[in-house]
There are 2 protein chains.
Amino acid sequence: MSRAATTSDVFNAIAESRRREILELLASRERPVGDIVAMLGLEQPSVSKHLRVLRDVDLVLVRRDGRQMLYRTNAEAIRPLHDWASGFRQYWRHHLTRIKERAEASGRPRIDGPE
Amino acid sequence: MSRAATTSDVFNAIAESRRREILELLASRERPVGDIVAMLGLEQPSVSKHLRVLRDVDLVLVRRDGRQMLYRTNAEAIRPLHDWASGFRQYWRHHLTRIKERAEASGRPRIDGPE
DNA sequence: AATATATATTCCCATATGGGAATATGTCAA
DNA sequence: TTGACATATTCCCATATGGGAATATATATT
C-alpha cells in the first residue's frame, strides 16, 4: 500500500501547509478563487486543486456567484482535529506542575491507570 | 515537487492514522516497541518505521532499557496542532447558538474561556 | 454568436511514501 | 563466543501526490 490520499480525511487534507493557509484566509469570510491566488501568490490551477481536496473532505463550502466561485471555511470540520489534540492536553503540562500535583494528591487512586 | 515528507512537520506526521494510534498508546505511559506491535497488530518493522517518523518530528521520546527501547509521547509537540485548530473555534459555533448567546449575554465574560 | 473572464480538469513527472520480506544492529544469557 | 531476543534499516513496488503547462467548462458581455 502507499500513502493515504489527501482526501481520505481531514488529517491528511491539512497536512499541506498551503491548504492550511487557504483555510485561514477563508475562515472569516468567503472569497473568490482569484483572491486566494492573489493573496497567496500561487498559480490558479494549483489553488483550484487544493480547493478540490478541501471540498472533498468538507473543509470548505462553495457557492457560485456569476462566474465566480465563493469559498469559505467550514470550521466545524476542523473540530475533530481539535478534539483529537485536546486529548493530550492533560499531558503537556510542565513537569514541575505535574510533580507538584502528584505530591499533593498522593493516596488518590491512580491517575495514570493501565491502558 | 511532490508531496511533503511525513517528517517535515507534525501535521504531516500525524496524517497517518497508525501514527495517531501509536501516540495515543504512548501518551499515558512509556512502552516497548513489542507492546505496540501486539496492541495494534502491526508488523514490527512497520511500527519501527512509524516510530522513526514520530521521533524525527519529536512527537515521541525514547530511552533504552536493556534490549528494549521505551517510547513515550511528547505531548508538548502536539500543542502547535491544537493551537492551530483552536484558531477556528470562534467560527464553529452554530449560527443560532451564536446569535442567541450574543443576544442574551452582551457584556458577560466568556463562557468558553481561552485555552 | 463571438469573445473575455473565472475556474476546473487533465497530462506529465519527480518524489515520498507504507507495507512486506530480508537483513542488520544491539544487548542479554549461557 | 555463540545463540536468542528486541529493534532498526534496507530493498522493492504500487500508489498518490503537487507543480507546471495546456486545455476544458461555465458565465457574462457585446
Side-chain angles (χ1 to χ4, degrees), chain A residues 1-23 25-26 29-73, chain B residues 1-23 25-26 29-73:
Chain A
M1 200 181 288
S2 73
R3 195 167 175 184
T6 56
T7 54
S8 57
D9 58 65
V10 176
F11 289 90
N12 277 282
I14 66 151
E16 179 73 21
S17 66
R18 298 308 203 173
R19 286 196 284 266
R20 291 199 299 279
E21 289 176 30
I22 290 176
L23 289 175
L25 275 183
L26 305 176
R29 50 158 61 183
E30 62 180 5
R31 294 179 196 281
V33 178
D35 280 18
I36 305 174
V37 170
M39 299 176 86
L40 298 186
L42 298 176
E43 296 295 324
Q44 176 268 311
S46 196
V47 171
S48 281
K49 279 183 267 186
H50 283 312
L51 287 170
R52 164 50 97 188
V53 172
L54 293 173
R55 262 176 71 173
D56 285 346
V57 295
D58 289 311
L59 274 166
V60 295
L61 303 174
V62 217
R63 75 182 177 89
R64 175 181 285 286
D65 175 40
R67 13 185 174 181
Q68 300 190 131
M69 292 296 268
L70 298 176
Y71 285 85
R72 66 191 175 82
T73 296
Chain B
M1 198 181 291
S2 72
R3 194 168 174 183
T6 56
T7 55
S8 57
D9 59 64
V10 176
F11 290 90
N12 278 281
I14 66 152
E16 179 73 20
S17 66
R18 299 308 202 171
R19 286 196 284 268
R20 291 199 299 279
E21 291 176 29
I22 290 175
L23 289 174
L25 276 184
L26 304 175
R29 49 160 59 183
E30 62 181 5
R31 294 181 196 278
V33 178
D35 279 19
I36 305 172
V37 170
M39 298 176 85
L40 297 186
L42 298 176
E43 297 293 324
Q44 176 267 310
S46 196
V47 170
S48 281
K49 280 184 268 187
H50 282 313
L51 287 170
R52 164 50 97 190
V53 171
L54 293 173
R55 265 176 68 172
D56 285 346
V57 295
D58 289 310
L59 274 167
V60 295
L61 304 174
V62 217
R63 76 181 175 91
R64 175 181 283 287
D65 175 41
R67 13 186 174 179
Q68 299 190 133
M69 293 296 268
L70 298 176
Y71 284 85
R72 68 190 175 81
T73 297

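In what follows, chains carry the letters A, B, and so on, assigned in the order in which the sequence lines appear, proteins first and then strands, with residues in each chain numbered from 1. When reading the values below, keep in mind they use all heavy atoms of this one structure, side chains included, and skip hydrogens, waters and symmetry mates.
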Over how many whole Å does the gap from [X] atom [atom1] to [N] atom [atom2] extend?
X: Arg55(A); N: dA8(C); atom1: CZ; atom2: P; answer: 7 Å
X: Met69(B); N: dA24(C); atom1: CE; atom2: P; answer: 20 Å
X: Arg67(A); N: dT7(C); atom1: CZ; atom2: C1'; answer: 12 Å
X: Leu70(A); N: dA26(D); atom1: CG; atom2: C1'; answer: 15 Å
X: Asp56(B); N: dA8(D); atom1: CG; atom2: C1'; answer: 13 Å
X: Asp65(B); N: dC28(C); atom1: CG; atom2: P; answer: 9 Å
X: Leu51(A); N: dT9(C); atom1: CG; atom2: C1'; answer: 14 Å
X: Arg64(A); N: dT27(D); atom1: CZ; atom2: C1'; answer: 7 Å

List the residues meeting side-chain contact (heavy atoms from CB on, under 4.5 Å) with Ser2(A), not counting sequence neighbours, and say none if there are none.
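By the side-chain contact (heavy atoms from CB on, under 4.5 Å) rule, Ser2(A) matches no residue at all.
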Distance check: side-chain N/O of Arg52(A) vs OP1/OP2 of dA8(C), anything under 4.0 Å?
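Indeed not, no polar side-chain atom of Arg52(A) lies that close.
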Please confirm whether the shortest side-chain N or O distance from Tyr71(A) to OP1 or OP2 of dA6(C) is below 4.0 Å.
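Negative; the distance criterion is not met.
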Sort me out a list of protein N/O and nucleotides 18-24 of chain D N/O pairs below 3.5 Å, or just none if empty.
from    : atom 1 : to       : atom 2 : distance (Å)
dG18(D) : OP1    : Glu16(A) : OE1    : 3.4
dG18(D) : OP2    : Arg19(A) : NH1    : 3.3
dG18(D) : N2     : Met1(B)  : O      : 3.2
dG18(D) : N3     : Met1(B)  : O      : 2.7
dG19(D) : OP2    : Ser46(A) : OG     : 3.0
dG19(D) : OP2    : His50(A) : NE2    : 3.1
dG19(D) : N7     : Lys49(A) : NZ     : 3.3
dG20(D) : O6     : Lys49(A) : NZ     : 2.7

Would you say the side chains of Glu21(B) and Ser17(B) form a donor-acceptor pair under 3.5 Å?
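Absent: no donor and acceptor within the cut-off.
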Distance, nearest 0.5 Å, that separates CG of Asp56(B) from CG of Asp9(B):
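Answer rounded to 0.5 Å: 12.0 Å.
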Could you work out which one of dA8(D), dC28(C), dT7(C) sits closest to the side chain of Ser48(A)?
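So the nucleotide nearest the side chain must be dT7(C).
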If you compare all heavy atoms of [X] against all heavy atoms of [Y], which two are closest, and at what distance to 0.1 Å?
X: Arg20(B); Y: Ile14(B); answer: NH1-O, 2.7 Å
X: Ala13(A); Y: Leu59(A); answer: CB-CD1, 3.9 Å
X: Leu51(A); Y: Val60(A); answer: O-CG2, 4.1 Å

Would a distance-only check, ignoring hydrogens and angles, find a side-chain to backbone donor-acceptor pair under 3.5 Å from Arg31(B) to Tyr71(B)?
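Checking the backbone N and O of Tyr71(B) against the side chain of Arg31(B), no donor-acceptor pair under 3.5 Å is found.
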For Thr7(A) and Gly34(B), find the nucleotide of DNA chain D closest to each by heavy atoms; which residue's nucleotide sits nearer the 5' end?
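Closer to the 5' end of DNA chain D: Gly34(B).
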